[in-house]
**Student:** 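My structure is below; once you've seen it, I'll send some questions.
The structure presented is a predicted model; accordingly, all values stated were derived computationally and were not measured. Start at 1 and go down the list; that is how both ligands and their atoms are numbered.
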Amino acid sequence: MGAEPLLRIEKLVKHFDVRLGAFGERSATVYALDNVDLDIMEGETLSLVGESGCGKSTTGFTILNLYRATSGKVVYRGQDLVKLDEKAMRPFRRDLQIVFQDPYSTLNPRMTVGEAVGEPILFHKLATKAELKGKVETLLGDVGLPARFAQRYPHELSGGQRQRVAIARALACQPKFIVCDEAISALDVSIQAQIINLLLDLQDKYGLTYLFIAHDLAVVRHISTRVGVMYLGRLAELASRDALFEEPLHPYTKALLSAVPETDPAHERSRQRQILQGDVPSPLNPPAGCRFHTRCPIAMEVCGRIIPEWKEAKPGHYVACHAVNTGQTA
Ligand SMILES: Nc1ncnc2c1ncn2[C@@H]1O[C@H](COP(=O)(O)OP(=O)(O)OP(=O)(O)O)[C@@H](O)[C@H]1O
Ligand code: SF4
Ligand SMILES: [Mg+2]
């Protein structure tokens, strides 16, 4: 992992204006992302976890400027991407890619695999038509597919093979950074392991940096350099993988981790589970103060009034919780 961040995300905010009611007669704001500060270091796998709707995908999309930030900065190579229009973004698009859960959403059913993988190469003028076939075959080789797959259509492939094609397409422009948004979640467990190993091999080979969004904490523990925990559009905690799993500080992280079964039965019997009560409140009307206070087992009076500061509690271990500041523990 490099010493300099590849991407510096500062006070990133994303609100969606939506229409509510049967006829869309009421306008409202979804507070999807609120003041997220994050450095993504070159060569690392930074995972984002948290319950559904907590803003993981919105973070990925807003970093890539696929959603326009409401405010804040995303600094890449000295340039704030938030300020760029689509044309000015184009040279950066090559470096910053995304792989989705459902490869059907990125693969045109009428394009062969070869056309799908070759399209970004032609778009960014990275090869002549004569060179294209060789480039596509190399990329297919990189993702473990034989060259003859270039002639096939997405519907002729298995889910795992389609995801390999989506990865080859993301790799086509020699990117620096890839958002993997639930990229393995829809696959069978045995195939998931293959795609994870492929992502790790490609990271080694090409020095890639990943923002890895996932629900499966066992996978996150296996793959991550650092892990960020999100709750209702805010970062609750960020730490190295080992610190986060072994010494979590935030009550929400503790509750999330306590839902994962231990592999060691003795440990499993002896530990105390913390069950998360209730649902995540609506991002249309998030709780004041700490957004977790309506579900937190150790909430204090201050928690409902004042937003906890994002602090470095230990070297490299960041957390937003009044109880951590005052030395209490969950
Ligand atoms: N395009 C959009 N328009 C309006 N609201 C949106 C849009 N995209 C996301 N949201 C809302 O923003 C909030 C955060 O959504 P997001 O998809 O980022 O969550 P997530 O953590 O990725 O969830 P999941 O684990 O289910 O994928 C949710 O309340 C969601 O409904
Ligand atoms: S700030 Fe308060 S409510 Fe929020 S997690 Fe910490 S103790 Fe719980
Ligand atoms: Mg998502």
**Student:** Would you check if there is a donor-acceptor pair between the side chains of T45 and Q203 at a distance under 3.5 Å?
**Tutor:**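 Yes, because at least one side-chain N or O of Q203 sits under 3.5 Å from a partner of the opposite role on T45.
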
**Student:** Under 4.0 angstrom from ligand 1, any heavy atom of F61?
**Tutor:**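 The answer is no: ligand 1 sits nowhere under 4.0 Å from a heavy atom of F61.
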
**Student:** Less than 4.0 angstrom from a charged side-chain N to a carboxylate O is my criterion; do E119 and R169 meet it?
**Tutor:**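 The answer is yes: the pair qualifies as a salt bridge.
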
**Student:** Is the closest basic N to carboxylate O distance between E246 and R241 below 4.0 Å?
**Tutor:**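 No.
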
**Student:** Give a yes or no on whether the ring-centroid distance for Y210 and F177 is below 6.0 angstrom.
**Tutor:**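 No; F177 has its ring centre 6.0 Å or more from that of Y210.
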
**Student:** When only distance counts, is G55 in polar contact with ligand 1, meaning an N/O pair under 3.5 Å?
**Tutor:**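 There is such a contact, yes.
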
**Student:** Heavy-atom distances under 4.0 Å decide this one: backbone, side chain, both or neither, for V18 against ligand 1?
**Tutor:**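 For V18, the contact with ligand 1 is made by the side chain alone.
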
**Student:** So which protein heavy atom does atom 11 (C) of ligand 1 come closest to, and at what separation?
**Tutor:**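 That would be V30 CG1, 3.8 Å.
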
**Student:** Got a protein heavy atom sitting under 4.0 Å from atom 4 (C) of ligand 1?
**Tutor:**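 Yes, there is one.
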
**Student:** Without hydrogens or angle criteria, can the side chains of Y318 and R226 be said to hold a donor-acceptor pair below 3.5 Å?
**Tutor:**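 The answer is no; no qualifying pair exists.
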
**Student:** Is atom 23 (O) of ligand 1 less than 4.0 angstrom from some protein heavy atom?
**Tutor:**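 So far as the 4.0 Å threshold goes, atom 23 (O) of ligand 1 is in reach of a protein heavy atom.
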
**Student:** Looking only at protein heavy atoms, which one is nearest to atom 10 (N) of ligand 1, and how far off is it?
**Tutor:**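 Residue, atom and distance for the closest contact: F16 CE1, 3.5 Å.
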
**Student:** Judging by distance only, is a nitrogen or oxygen of C54 under 3.5 angstrom from one on ligand 1?
**Tutor:**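 Indeed, backbone or side chain, C54 has an N or O that close.
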
**Student:** Which residue holds the protein heavy atom closest to atom 25 (O) of ligand 1, what is that atom called, and what is the gap in Å?
**Tutor:**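 Checked against all protein heavy atoms, atom 25 (O) of ligand 1 sits closest to K56 NZ, 2.8 Å.
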
**Student:** For F245, which residues count as a ring-ring contact (aromatic ring centres under 6.0 Å, His included) partner, sequence neighbours excluded?
**Tutor:**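 Expected list: none.
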
**Student:** Let me see the working for Y231 and R295 under side chain to side chain donor-acceptor pair (under 3.5 Å), right down to the final yes or no.
**Tutor:** CA-CA 11 Å; Y231 186 76; R295 301 168 83 197; 3.2 Å; yes

**Student:** Pairing donors with acceptors under 3.5 angstrom, does anything connect the side chains of H317 and E312?
**Tutor:**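 No, because no side-chain N or O of H317 sits under 3.5 Å from a partner of the opposite role on E312.
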
**Student:** Hydrogens and angles aside, do Q194 and R164 bring a side-chain donor and acceptor to less than 3.5 Å of each other?
**Tutor:**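 Their side chains do contain a donor-acceptor pair, which is all the 3.5 Å distance test asks for.
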
**Student:** How far is atom 29 (O) of ligand 1 from its nearest protein heavy atom, and which residue and atom name does that atom have?
**Tutor:**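 Sorting protein heavy atoms by distance from atom 29 (O) of ligand 1 puts P283 CG, 3.0 Å first.
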
**Student:** Counting C-beta onward and ignoring hydrogens, is there a side-chain heavy-atom pair between I63 and L81 closer than 4.5 Å?
**Tutor:**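 When only atoms from C-beta onward are counted, L81 and I63 do not touch, as no gap falls below 4.5 Å.
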
**Student:** Is it the case that K125 places NZ or CZ above or below the six-membered ring of F123, under 6.0 angstrom from the centre and within 45 degrees of the axis?
**Tutor:**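 Negative - K125 is either too far from the ring of F123 or too far off its axis.
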
**Student:** Quick check for you: to the nearest 0.5 Å, what is the distance between L64 atom CG and L211 atom CG?
**Tutor:**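 These two atoms lie 8.5 Å from each other.
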
**Student:** Using a strict cut-off of 4.0 Å, indicate which atoms of ligand 1 neighbour a heavy atom of A32.
**Tutor:**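 The atoms of ligand 1 under 4.0 Å from a heavy atom of A32 are 12 (O), 13 (C).
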
**Student:** What protein N/O/S atoms are there under 2.8 Å from atom 6 (Fe) of ligand 2, waters excluded?
**Tutor:**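 Counting only protein N, O or S atoms under 2.8 Å from atom 6 (Fe) of ligand 2, the list reads C321 SG.
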
**Student:** Pairing donors with acceptors under 3.5 angstrom, does anything connect the side chains of E51 and Y252?
**Tutor:**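 Note: E51 and Y252 side chains meet the donor-acceptor criterion.
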
**Student:** Which one of G50, S52, A28, S282 has a non-hydrogen atom at the shortest distance from atom 26 (O) of ligand 1?
**Tutor:**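 That would be S52.
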
**Student:** For T58, which part has a heavy atom under 4.0 Å from ligand 1: side chain, backbone, both, or neither?
**Tutor:**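 Within the 4.0 Å criterion, T58 contacts ligand 1 through backbone and side-chain atoms alike.
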
**Student:** Examine ligand 1 and decide if any of its atoms is less than 4.0 Å from a heavy atom belonging to H215.
**Tutor:**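 Contact check H215 vs ligand 1: positive.
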
**Student:** Between G53 and ligand 1, is there a nitrogen or oxygen pair with a distance under 3.5 Å?
**Tutor:**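 By distance alone, the answer is yes.
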
**Student:** For S57, counting its heavy atoms only, list the atoms of ligand 1 lying under 4.0 Å from any of them.
**Tutor:**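 Here the atoms of ligand 1 in question are 17 (O), 18 (O), 20 (P), 22 (O), 27 (O).
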
**Student:** Consider only side-chain N and O atoms of S185 and Q101, and report whether a donor and an acceptor are under 3.5 Å apart.
**Tutor:**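 Per modelled atom types, S185 and Q101 side chains form no pair under 3.5 Å.
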
